[in-house]
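Only one structure is covered here, and it is reproduced in the block below.
Numbers here are sequence positions counted from 1.
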Amino acid sequence: MKMLITAGFLALLASPTLAFQCPADMAAIDAALQTASLSAEDLARVKELRAMGEAEHDAGNHQASVDALAEAKKLLGI
């Protein structure tokens, strides 16, 4: 029972951390887009993932936001 309570508590602590990570990731993507040398296809995908990340963040789905933004950052090489 203690393990379950501890796991629940840790999950609650993780959500605000993810919420604060999203805007920093979006800013990093925006900055990298200014000088990125990507194919048109990759550029479109990064922009799509960036928009998806912002929408998920605004909806409160922070893990989905972090995942989308992480994929965009990977494509950008950051």
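Of all heavy-atom pairs between V46 and L38, the closest is CG2-CD1, 4.0 Å.
Under the rule for a side chain to side chain contact (heavy atoms under 4.5 Å, CB included), the partners of S39 that lie at least two apart in sequence or sit in another chain are E41, D42.
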What pairs of donor and acceptor atoms, side-chain ones from residues 64-78 against any protein atom, are under 3.5 angstrom apart with sequence neighbours left out?
residue : atom : partner : partner atom : Å
S65     : OG   : G53     : O            : 2.7
D67     : OD1  : Q63     : NE2          : 2.8
E71     : OE2  : R45     : NH2          : 3.2
K73     : NZ   : D25     : OD1          : 3.1

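Identified under the side-chain hydrogen bond (donor to acceptor under 3.5 Å, both in side chains) test for residues 26-36, with sequence neighbours left out: D30-R50.
In this structure, the side chains of H57 and H62 come closer than 4.5 Å at one or more pairs of heavy atoms.
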